[in-house]
Each structure stands twice: as C-alpha cells, then as structure tokens.
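Okay, so here's the structure we're looking at.
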Amino acid sequence: MISRDEFSDEWMDGLGEDRNNGWSPPRKERTSLGEYSQLPLGDSSDTSEPSALDTAQLLPLVETKLYKRRWLMLFVFSAFAMSNAFMWLQYGIISNIFLRFYGIGALAIDWLSMLFLLTYIPLFVPVTWVLENRGVREVVVVAAAFNCIGAWIKTGTANPNMFAMTFFGQFVCSVATIYMGIPSRLASLWFGEQEVSTACSIAVLGTQLGIAIGFLLPPVLVPNVDDVEELGYNIRIMFYISAGVATFIFILVVIVFQEKPEIPPSPAQAQARSIPPEEYSYTTSIMNLLRNKPFMLLVLSYGLNVGSFYSISTLLNRMIIEHYPGEEVNAGRIGLTIVVAGMAGSLICGIWLDRTKTYKQTTLAVYLFTLIGMLVYTFTLNLGHLWVVFLTGGALGFFMTGYLPLGFEFAVELTYPESEGTSSGLLNCSAQIFGIIFTISQGKIIDRWGTLAGNIFLCIFLLIGTALTGLIKSDLRRQKANLQKADMQPVSKATADLEGAVSPPEVLNAMKF
C-alpha cells in the first residue's frame, strides 16, 4: 500500500517530467474522513488548462457539495415569479374589456403593463446593493410581500370609478419585479457547473409560466359581456384568485426559502466566496461591468430582444383584434402558445449549454432564428387564418422567449467573478428601457399605420441585435474557474448529492501518470 506521504513524494518527483510533456496533474487533498476537496484555479487568462505555475502554487483547499434541497429553493422562487408575472399581463390581454369597463384610453391600459418595466429601472441600483450586502433571501421575501399587498389592493378596484386605485395596486405589484435579476444568482449559489444553466432556465420558466397563465386565464375568467355589473363581478373573482395565490406563495417564501447552502456547489462559487467582504466594492463592480465591452454589447442586444418581447406581449390583444375581431379568447391562447413554446426553448437551451458550453454560438443562433420567426409572424398575421398565427407565434416564442436564460448565463460567463445579480440587473434594465420605448412606439405605429408597420419596426431592431451579438467576444471566465483536467476523472461525488465521499483508492485510480 502506498502511504499518503510516499504518494506525495512520487507525485512531485514525476511532476517535472509530466510538465515537460504539457500535462500538469490536478491536485486533491483529503480534508476530512471520506471527503476530498478541489483546489480553485489560479487567475489565468488562458482559455485552456491552467499553467504549471498555477498548479504549483499553494492555494487554499475548497470543498464542494450539492444539496437536494436546491430543487426546493428553485421551485419556491419559480412559483413566486409565476405569480408576479401573472399580475403583469392580467390587464393587457383583455385590454379592450378594461378600456370599456374603466372608460379610459388605450395608452392608460398599456401603462398598467409598462409600470412593471418602468419601476425596475430606478430600483436597480439599491436592489443590487441589497442583494450583495444582505442576500438573496431578503430580496425575495420583500418582493413576495409587495406582490401580495398589491394583489389585495386590486381586489377592491372592480368598479368603473376605481381605475386610480387599480393603477396604484399594479404599481405596488410592480415593485416585486426586483426579483428579476435573481435567476442566474440563485443558480450559481445552489447548483453545480454541469447544471447551472439548466437551473437558470428553470428559474426563468417561472416567469414564463406566469405570463402564459396571464394570457390564458383573464379571457376565460372575464368574458366580454355587456352587463357592467356582471363584468365587475368577474373581474373581482379574478383579482381574489390572484391575491389568494400571492398570499400562499408569500407564506411559502418566508418559511422555506433559504439564502445559500453551507458548502458551495462549484469551484467557481467557492472561489467567489473566498473573496473577503472588505475587498468587495459595489461601485467598483459596476464600473468593471461598464468597462467590459463584450458584456456591454450583450446588454444592448439583450435589451433589443427582450424589449421586443415585452412590446409584443403588451400589444398582442390589439394586434389580434385588428385582424380577427371578437377573438379575445384566441388572442390569449396565441399568447399562451408563444410562451409555452418559449418555455420549451428555454429548457432545451439550458440543457444544451450545460452539455456543450457553447454560449456565444447558441446565443447567436437563437437570436438569428428569433429575427426569422419575427419576419414570418409579421407577414402572415393578416392572412385571415388563425391557425397560421398559432403556428408562427409558437415558432417565434420558442426562440424569442427561449433567449431569456441564454442572456443571463452568457452574462455570468463574461463577467465572472462579478456578482450574477448585478450583471443580470443591468440586462434587465436594458430590457425594461427598450420595452417601454418599443411598446409606446409600436403602439403609436399600429394606431397610425397598422400592425404590419409596427412589427416591421421591431424586425429592424432585432436585426441590429443579431449583428451586435455577432460582435461579442466570447470570454468564458466562469468556465476557466470550473475547468477540470482532461486527464482526470471527477473524483468529488458531492455533485451526486451523496453524503459520503470519495475513498483514497478511487483518487489514486483516477490519476493518470
């Protein structure tokens, strides 16, 4: 049997020869009985394996482990995101009904949706500061509380004279959008490097599911009837249902949601945790992101894509009703088709990223297909066949909403070790700004020149976004931190949720000399 000291001596004696052959053996050291930890990589700008100098440096040992309860955290967060996203669209998809009920103009109804985009912009800086200094849990709890309070305010506004109060209730709900920068942060805190993109996609699915329900349920719960009293009763029922769900989810968040696991899930996260708090500066982090040219190109391209999605979601009812009068229910179903297809796209893209790590290639391909899907949707909307709109809308949604988690994950790769919440927050700010601009502009274009001109307007900006995406230099910094030696099999079984660990013989067998 080889003792630990003898094994170390043999290893170091052969290290020079192995290095001459271009191979540096990975180092593992046992930290406790039955547990092995991985050393973080050095600070190297090389996109390949760490240098011999990095391998030779004495770096602090880190332990990584995955916890089964990470899936519970993901489920609770997604449930909250679903509830808040439903609040966003419950007016827009039946905008013609609310126009008549409250006796207001189309722009006022559009602002009930755009509030969710506008509110996030001034809150971005304080929220990301709280996220870094107080943690994910506090942000999610506060957001769930605002979502719940706003939902209950709206229960008393099912009256034609209560538009101002329903606007206020919608504003309170919009404050809950402070959660929008959390999916990539949550995925990094709880999930390993081989599943982090999938986890981010699932977190985004919560928002997409809420949007889907927001397209589906309001036309069903609030049919277009002439009796104002009956209409008010139906609106009140919808508001009480959404308030009850928001309350249940708020209680669930308070009881269940946790900040982060005791042991980090990946080497990259362990390395990020090792940075002393006194060395972190929020202002410096923001400035580093603003000076990161590839990331800023992504910020612009992301904003153009997601801003277009926000505009389409808000104005979808007007687009469909213009060509298919009286089809409010089918307008909701088309919206549902767009989002459900996007949910499938998000999940597939997340799994694909975890398997291939081809961030730029995947992002560029999805962006290009989004542009193609938008062009097809634009020139087939007025053909007079609803089944065509369902088909083209689904194809557009698969790529357009499937792009959401791609942007988050690509941003984390480009900006590591900066905070995931800050980088995602900047992406969301860009999306909200472009969303407001596109919604107002496209709405006015539709009113004056029709839906064809309005959709061509979006196609032009999606073309610009595709070109910007092609200019992004792919610098996968997080992958460098997580890089494992090609000549060594994974020996840490923490990634399989095991309470035990790797035995010394497995370590010896995994190393190739």
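L189 approaches E259 most closely through the heavy-atom pair CD1-O, 3.8 Å. In terms of heavy-atom proximity, T207 sits nearest to A85 at O-CB, 3.2 Å. Pairing each heavy atom of Y359 with each of S197, the nearest pair is OH-OG, 3.4 Å. Closest approach of C148 and A246 over heavy atoms only: CA-CB, 4.0 Å. Between E409 and C200, the shortest heavy-atom distance links the atoms OE2-CB, 3.6 Å. Closest heavy-atom contact between T358 and W352: OG1-NE1, 3.3 Å.
Relative ring orientation between F163 and F167 is described as tilted, the plane-to-plane angle lying within the 30° to 60° band. In this structure, F124 and Y120 have tilted ring planes: the angle between them lies in the 30° to 60° band. Under the 30°/60° scheme for interplanar angles, the aromatic rings of F457 and F438 are found to stand perpendicular.
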Subject >> Test side-chain hydrogen bond (donor to acceptor under 3.5 Å, both in side chains) applied to N292 and T415, step by step >> reply: CA-CA 8 Å; N292 187 327; T415 61; over 6 Å; no

**OP:** Applying side-chain contact (heavy atoms from CB on, under 4.5 Å), run through L74 and F191 and close with a yes or a no.
**Re:** CA-CA 10 Å; L74 191 59; F191 290 83; 3.8 Å; yes

Subject >> I338 and F215: CA distance, side-chain angles, deciding distance, side-chain contact (heavy atoms from CB on, under 4.5 Å) verdict >> reply: CA-CA 10 Å; I338 291 174; F215 279 129; 5.6 Å; no

Subject >> Residues L118, Q432; criterion side-chain contact (heavy atoms from CB on, under 4.5 Å); working and verdict >> reply: CA-CA 7 Å; L118 179 64; Q432 317 300 58; over 6 Å; no

**OP:** Carefully, step by step, assess L386 and I334 under the rule side-chain contact (heavy atoms from CB on, under 4.5 Å).
**Re:** CA-CA 9 Å; L386 269 174; I334 291 169; 3.9 Å; yes

**OP:** Evaluate the side-chain hydrogen bond (donor to acceptor under 3.5 Å, both in side chains) criterion for residues T247 and W152: first the C-alpha distance (whole Å), next the side-chain angles of each, then the deciding distance (0.1 Å), finally the verdict.
**Re:** CA-CA 9 Å; T247 303; W152 281 105; 2.7 Å; yes

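Between the side chain of Y91 and the backbone N or O of D110 there is no donor-acceptor pair closer than 3.5 Å. Looking at N84, its side chain does come within 3.5 Å of a backbone N or O of C173 through a donor-acceptor pair. When atom types are taken as modelled, the side chain of Q170 and the backbone of L112 share a donor-acceptor pair closer than 3.5 angstrom. With hydrogens and angles disregarded, a donor-acceptor distance shorter than 3.5 Å links the side chain of R137 to the backbone of F257. Looking only at distances, a side-chain donor or acceptor of T157 sits under 3.5 Å from a matching main-chain atom of K154. Within the 3.5 Å criterion, the main-chain N or O of L117 finds no donor-acceptor partner in the side chain of T177. In this structure a side-chain-to-backbone donor-acceptor pair under 3.5 Å is missing from R448 to G443. Between the side chain of N234 and the backbone N or O of E230 there is at least one donor-acceptor pair closer than 3.5 Å. In this structure a side-chain-to-backbone donor-acceptor pair under 3.5 Å is present from K360 to G470. Counting only distance, with no hydrogens or angles, the side chain of D354 and the backbone of T198 share a donor-acceptor pair below 3.5 Å.
Atom CZ of F168 has 12 or fewer heavy atoms from other residues, nucleotides or ligands within 6.0 Å. Sparse packing is recorded around CZ of R355, with 12 or fewer heavy atoms of other residues, nucleotides or ligands lying under 6.0 Å away. Remark: Y310 OH is packed, more than 12 non-hydrogen atoms of other residues, nucleotides or ligands lying under 6.0 Å away.
To the nearest 0.5 Å, the span separating CG on L396 from CG on L371 amounts to 10.5 Å. Distance CG/L131 to CD1/I182: 5.5 Å, rounded to 0.5 Å. To the nearest 0.5 angstrom, F295 atom CZ is 11.5 Å from F410 atom CZ. Between the CG atom in L217 and the CG atom in L89 there is a gap of 12.0 Å [rounded to 0.5 Å]. Residue L468 holds its CG atom at 11.5 Å from CE of M296, rounded to the nearest 0.5 Å.
Each of F309, Y367, F369 was evaluated against Y403; a single residue qualifies, Y367, per the ring pair (Phe, Tyr, Trp, His ring centres under 6.0 Å) test.
Evaluation of the side-chain hydrogen bond (donor to acceptor under 3.5 Å, both in side chains) rule for T380 yields no partner, not counting sequence neighbours.
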